[in-house]
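Report on the following structure.
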Amino acid sequence: MPVVSDAPSSPESGPPVWLPVRAGLGRFLVLGTVFVCAACGLVYELELVALASYLAGDSVTQASVVLSVMVFAMGVGSLLAKRLRCRAAVGFGAVEAVLALVGGCSAMALYACFAWGGHSRSALVGFSFAIGVLIGAEVPLLMTLIQRVRRQDAGGAVADLFAADYVGALVGGLAFPFLLLPAFGQLTGALVTGAVNAVAGGALVLWLFRRDLSVRARWTLIVANGLVLAALAAGAVLTPSFERAARQAVYGPGVRVALSTGEQEIVLVGGGTSGRPLSLFLNGRLRVSGRDEVRYHEALIHPAMAAGPHARVLVLGGGDGLAVREVLRYAGVRSVTVVERDAEVVRLARRDPGLAALNGGAYRDPRVRAVTADAFDWLRRSMAYDVVVCDLPAPELTPSTKYYSQEFYGLAERVLTPGGRLVVHAGPLRPDPRAFWTVDATMRSVGLRTTPYVIGAPRPGRGSSHDWGFVLSARSPVGLRLAPHRPRPRSLTEQGLWAARRTAERGRERGLPPSTLMRPRYGE
């Protein structure tokens with residue numbers, strides 16, 4: 001039987017509202033809606049951070065932009081919502097409908113701006129501000145509604161409201177990486193979240209507070225929520241076609257493989273019978289180009305292998321098998337352990353015809369063992385190796401900084417045999433040499449003697465740099481040379497290595513701080 005809430009009549013809370021349930025259950029339903037809306041709001045926030053980090057890199061900067069803009073916008077939204085408190089029910093219903101549409105479509109719109117517009121920073125700021133304003137408007141309106149359901153002092157109402165909000169944020173924060181991303185992916189996950197948001201907000205207003213709405217307001221909210229759900233459903237249906245078109249706009253025609261794993265997005269372009277050189281993109285960044293990968297991998301592998309014993313080799317990263325291909329050219333190699341965090345990269349390197357042809361079927365060699373693990377964790381329990389190769393993501397990417405820290409190099413130094421060598425891809429020397437030389441300084445800070453060298457990239461382009469910088473190190477001084485016997489590299493010579501070292505040393509900057517896990521490599 002419908003009951004009247006016992007909330008006091010005041011300018012802020014409005015007259016008593018008729019509810020279809022008892023006041024206690026009505027209050028519980030309002031707090032449940034707060035819980036759901038808070039979870040959805042945090043998912044929108046995390047979705048923007050994750051997608052912006054994927055599109056633009058530097059996750060610290062992207063998270064800072066999203067969080068700062070969104071928190072500021074929430075304050076703006078709270079102030080604007082003061083004007084809606086006299087019609088809190090219809091105002092909350094309208095805010096949730098708009099929030100579900102904007103938040104649910106934000107990931108797709110941001111990706112479209114990047115794919116067809118070439119940039120996404122202005123869209124990121126715009127969506128962060130819009131979503132923040134709408135989230136900020138929720139709290140004053142919900143505070144008014146919960147006070148209309150049951151009489152409660154303001155302090156207790158605020159405590160209940162924020163408790164439900166914070167618990168909802170916890171659930172949303174955990175659901176995003178462990179449920180939404182694995183099950184739906186970034187784009188569809190945002191659309192699903194928007195649908196949940198629309199249903200929760202619309203159901204609360206249209207059912208629990210239906211007596212508080214005029215006939216016109218009720219039908220307006222019904223139509224608005226129906227259109228929002230239809231738009232989100234259409235977006236979910238069109239997501240596969242949209243992703244294919246966006247990938248073609250970003251990577252060009254010839255995309256053969258495009259998949260999202262728990263670690264990253266992997267795209268293979270060209271190779272095989274396409275007639276185009278194979279390109280491997282990880283999270284939108286060119287990782288391997290069939291045009292010039294030989295020059296890169298020979299420069300990474302051969303100086304370290306030629307400098308001493310190389311029976312046991314550890315390759316950190318390099319799941320594409322291209323570094324392993326160069327290692328296996330040495331007859332003295334007895335075992336090669338590849339530590340790759342993403343098992344899907346290794347699977348492609350084994351089974352994809354284009355990538356397997358490029359790496360020479362490296363994983364078919366019985367001496368090669370692939371391990372799915374984080375390189376940092378693997379070094380903590382690793383055995384002794386003659387050569388350790390770090391073919392890891394570029395050091396300028398924020399998630400990779402731990403692989404260029406004192407702690408990491410200290411662990412790597414411990415697993416070297418007495419004559420062992422460690423070689424690292426240290427990023428480009430140009431245009432800013434500071435990152436490159438900070439890597440060198442960090443390696444020297446753990447007691448390693450370093451020999452830096454730089455090889456020019458013959459075909460710079462999108463996702464690639466003008467050069468590749470490397471640092472070869474050992475406990476005692478080590479020089480750059482090639483094995484006096486076969487195999488001979490196709491693109492390296494003794495004179496070229498000497499010039500590569502001279503080029504690097506001319507750009508040396510002294511006094512750079514070592515990198516630690518608590519401080520970025522750049523000494524910031």
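These numbers come from the heavy atoms of this one structure, side chains and all, not from hydrogens, waters or symmetry mates.
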> Does a salt bridge link Asp386 with Arg334, judged by any charged N lying under 4.0 Å from a carboxylate O?
Replying inline: no
>> Is it the case that over 12 heavy atoms from other parts of the model lie below 6.0 angstrom from the CH2 atom of Trp116?
In response: yes
> Counting N and O atoms only, with roles assigned by atom type, does the side chain of His297 sit under 3.5 Å from a partner on the main chain of Glu293, one being a donor and the other an acceptor?
Replying inline: yes
>> Between Thr442 and Gln406, is there a side-chain donor-acceptor contact under 3.5 Å, judged purely by atom types and distance?
In response: no
> Which residue pairs pass the ring pair (Phe, Tyr, Trp, His ring centres under 6.0 Å) test with at least one member in residues 165-194, sequence neighbours excluded?
Replying inline: Phe162-Tyr166
> Can you tell me if CZ on Arg369 sees more than 12 non-hydrogen neighbours from other groups inside 6.0 Å?
Replying inline: no
> With no hydrogens and no angle check, is any side-chain donor or acceptor of Arg421 less than 3.5 Å from a backbone partner on Pro309?
Replying inline: yes
> Are a donor atom and an acceptor atom from the side chains of Ser491 and Glu298 found within less than 3.5 Å of each other?
Replying inline: yes
> Does Arg312 count as lying over the ring of Tyr385, i.e. NZ or CZ under 6.0 Å from the six-ring centre, within 45 degrees of the axis?
Replying inline: yes
> Shortest non-hydrogen contact from Tyr453 to Ala299?
Replying inline: OH-O, 2.6 Å
> How about Arg490: does its CZ atom have over 12 heavy atoms from other parts shown lying under 6.0 Å from it?
Replying inline: yes
> For residues Tyr404 and His425, is any side-chain donor paired with an opposing acceptor at under 3.5 Å?
Replying inline: no
> Should we say atom CZ of Arg367 is surrounded by more than 12 heavy atoms from elsewhere, each under 6.0 Å from it?
Replying inline: yes
> Can we say Lys402 and Asp374 salt-bridge, meaning some charged N sits less than 4.0 Å from an Asp/Glu carboxylate O?
Replying inline: yes
